[in-house]
There are 2 protein chains.
Amino acid sequence: MSRIPLPSLKRLPRYLNVLESFQSYGTDTISATDIAEELDLKPIQIRKDMAFTGIVGKPKVGYDVGALIKAIRDFIGWNDISPAVLIGAGSLGTALMRYEGFAKRNLNIVAAFDKDQNRNSDGRSSTPVYPMERLPAIVAEHEIEIAILTVPPAAAQEVTDQLVKLGIRAIWNFSSAEIQVPPHVVVRREDLSEGLAVLCVQLHELDETREKK
Amino acid sequence: MSRIPLPSLKRLPRYLNVLESFQSYGTDTISATDIAEELDLKPIQIRKDMAFTGIVGKPKVGYDVGALIKAIRDFIGWNDISPAVLIGAGSLGTALMRYEGFAKRNLNIVAAFDKDQNRNSDGRSSTPVYPMERLPAIVAEHEIEIAILTVPPAAAQEVTDQLVKLGIRAIWNFSSAEIQVPPHVVVRREDLSEGLAVLCVQLHELDETREKK
DNA sequence: TAGATTGTTAATCGATTAACAATC
DNA sequence: TAGATTGTTAATCGATTAACAATC
């Protein structure tokens, strides 16, 4: 099968939300039209996206909700537990440690690390916070491939280099810094200012269309 | 001028990061090639994007760094202060209150609100946290148009309806819930599971290309 | 059976990239 | 002046949407 387009991939978690909600109400089958209505999308787009996950529906009936959930989770890799480390136990890092949504998607933050000793575990959080020195041992012990980066921008590249050396292969970069990695490592930027820019411009465009009336 | 494509708009904040970094080193002019190198993009794409902001460069010389920063910030609306409220003072909400990046982009979180009285201001944070009852007064007093939504998914729609009634015109939705708003209100979803899905699949694709060797 | 919904093939739309003339 | 870089116009690429046959 051909590789899924990035926009399609980004929609899959939204489908999952809708499906899980339908499932909790006891609905067994769902049509592309049903999902489209919930998400303000076109049914044809949902059908196209579903095809990438390998699921097949039944004409007239629709898709089996349980099977569809399984297919999407399998496709993304959310049926297997992924252990991860988090670097930078500031306020954003701490918020992510406590985020319940990760457990639902089988992302398990095994431990967090911080240069600042004051941020080390006080037992209030369920995720332990260790000094940076313990990072290599934990990564090796749990065979961790994923790192969440919530350090200040100035420290991002240095920490990235460490992570790469330890064999980390996927970095979720929440810092605004642009980090460089070798080709066998993937990076996903999660930049808040991107979303803010879109919101600001859309708000502005709203004013303009109103003024034109 | 025609409306900017969404992908171009999302790149503007990244350009800003690069430009501010160059400016701090005292660089006066910058070429599209310079920016492209920093961000792993093609120069032609930067030139196209810049055109949308209205800036003009000088052949052979490049763009004036200061003028370009101003043009981008003007275009996004980041030269004017935008007052905002934040609803839901949980760990994510608190992290956003403390996020320094917002001040740089002139987003000013005037106050946060929470149903839970225990989360009300203890003076440790610079952003006050009030009970929901005070929301209408604060929104009116500061003529607030932007709301940041960090409540649990189950409460998202109810809070959204309140916000819309109070005249809020832009909602930055950090909850995983799909919220419905009238056409004169813009919503920007900021869904972490989207980024996680992309990261997981990219990591998986990495394995596959390696195995093919 | 008749009608609704899927999945496929083709058409459209929009963003990226290429080519190149203009110019400092 | 010569060379580098911009901005514009055209070509390519990829995603969305439309049309429709297949089918439960």
Side-chain angles (χ1 to χ4, degrees), chain A residues 1-15 18-19 22 27-69 71-72 75 194 197-198 201-202 205, chain B residues 1-15 18-19 22 27-69 71-72 75 194 197-198 201-202 205:
Chain A
M1 198 184 329
S2 66
R3 223 156 97 259
I4 190 171
L6 201 62
S8 298
L9 174 52
K10 288 183 179 174
R11 281 189 293 267
L12 295 185
R14 302 180 67 192
Y15 298 158
V18 173
L19 290 165
F22 269 70
T27 312
D28 288 334
T29 56
I30 192 169
S31 74
T33 314
D34 296 332
I35 301 176
E37 246 169 49
E38 292 291 317
L39 300 176
D40 261 310
L41 300 172
K42 308 236 165 115
I44 175 65
Q45 193 168 46
I46 278 95
R47 295 208 303 273
K48 259 278 157 69
D49 290 346
M50 291 313 178
F52 285 107
T53 70
I55 192 92
V56 284
K58 283 188 190 145
K60 159 80 181 166
V61 180
Y63 302 90
D64 180 88
V65 173
L68 195 41
I69 290 175
I72 294 177
F75 182 85
E194 192 176 277
V198 176
V201 170
Q202 286 180 343
E205 282 172 354
Chain B
M1 200 184 325
S2 67
R3 223 156 97 259
I4 190 171
L6 201 61
S8 298
L9 174 52
K10 288 182 179 174
R11 282 189 292 268
L12 295 184
R14 302 180 68 193
Y15 299 158
V18 172
L19 290 165
F22 270 70
T27 312
D28 287 335
T29 56
I30 193 170
S31 75
T33 314
D34 297 331
I35 301 176
E37 247 169 48
E38 292 290 317
L39 300 176
D40 260 310
L41 300 173
K42 308 237 163 111
I44 174 67
Q45 194 168 45
I46 279 95
R47 294 208 302 275
K48 259 278 158 70
D49 290 346
M50 292 313 180
F52 285 107
T53 69
I55 192 94
V56 285
K58 282 186 191 148
K60 159 80 180 161
V61 180
Y63 301 90
D64 180 88
V65 173
L68 195 41
I69 290 175
I72 294 177
F75 182 84
E194 193 174 277
V198 176
V201 170
Q202 286 180 343
E205 283 171 354

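So that the names make sense, note that chain A is the first sequence line, chain B the second, and so on, each numbered from 1. Note that these values count all heavy atoms, side chains included, but never hydrogens, waters or copies made by symmetry.
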**Request:** Please report the shortest heavy-atom distance between Pro59(A) and Gly57(A), naming the atom on each side.
**Result:** CD-O, 3.8 Å

**Message:** What is the separation between atom CD1 on Ile46(B) and atom P on dT5(D), rounded to the nearest whole Å?
**Reply:** 14 Å

**Prompt:** Atom CZ of Arg3(B) and atom C1' of dG14(C): how far apart are they, to the nearest Å?
**Reply:** 12 Å

**Asked** Between atom CG of Leu41(B) and atom OG1 of Thr33(B), what is the distance when rounded to the nearest 0.5 Å?
**Response** 12.0 Å

**Message:** Just the rounded figure in Å: distance from P of dA15(D) to CD1 of Ile4(A).
**Reply:** 10 Å

**Complete:** The reported gap from CG in Leu19(A) to OG1 in Thr27(A) (rounded to nearest 0.5 angstrom) is 10.0 Å

**Message:** I'd like to compare against my own output: the B/S/- annotation of nucleotides 16-24 of chain C with a strict under-4.0 Å heavy-atom distance to protein.
**Reply:** SBBB---BB

**Asked** Do the non-hydrogen side-chain atoms of Ile4(A) and Phe75(A) ever get within less than 4.5 Å of each other?
**Response** yes

**Request:** Check Met50(A) against Ile55(A) and note the closest heavy-atom contact, atom names and distance.
**Result:** O-CG2, 3.5 Å

**Request:** Using atom CG of Leu9(A) as one end and atom C1' of dG14(D) as the other, report the distance to the nearest whole Å.
**Result:** 16 Å

**Message:** Dot-bracket, 5' to 3', for DNA chain D please: Watson-Crick or G-U pairs under 3.5 Å, [ ] where pairs cross earlier ones, | where the partner sits on another strand, dots elsewhere.
**Reply:** ..||||||||||||||||||||||

**Prompt:** Side chains of Tyr63(B) and Asp34(B): closer than 4.5 Å at any heavy-atom pair?
**Reply:** no

**Request:** Calculate the interatomic distance between Leu68(A) atom CG and dT5(C) atom P; express it in whole Å.
**Result:** 16 Å

**Message:** Please list all pairs meeting salt bridge (charged side-chain N to carboxylate O under 4.0 Å, His left out) that have one or both residues in residues 42-52 of chain B, counting only residues at least two apart or in different chains.
**Reply:** Arg11(B)-Asp49(B)

**Message:** Please report the distance, rounded to the nearest Å, between CD in Glu37(A) and P in dT5(C).
**Reply:** 11 Å

**Asked** Atom CD1 of Ile30(A) to atom P of dA4(C): distance rounded to whole Å?
**Response** 19 Å

**Asked** Between atom CG in Leu6(A) and atom P in dA15(C), what is the gap in whole Å?
**Response** 15 Å

**Asked** Shortest non-hydrogen contact from Pro43(A) to Ala36(A)?
**Response** N-CB, 3.6 Å

**Heavy-atom side-chain proximity of Leu12(B) to Phe52(B) below 4.5 angstrom** = no

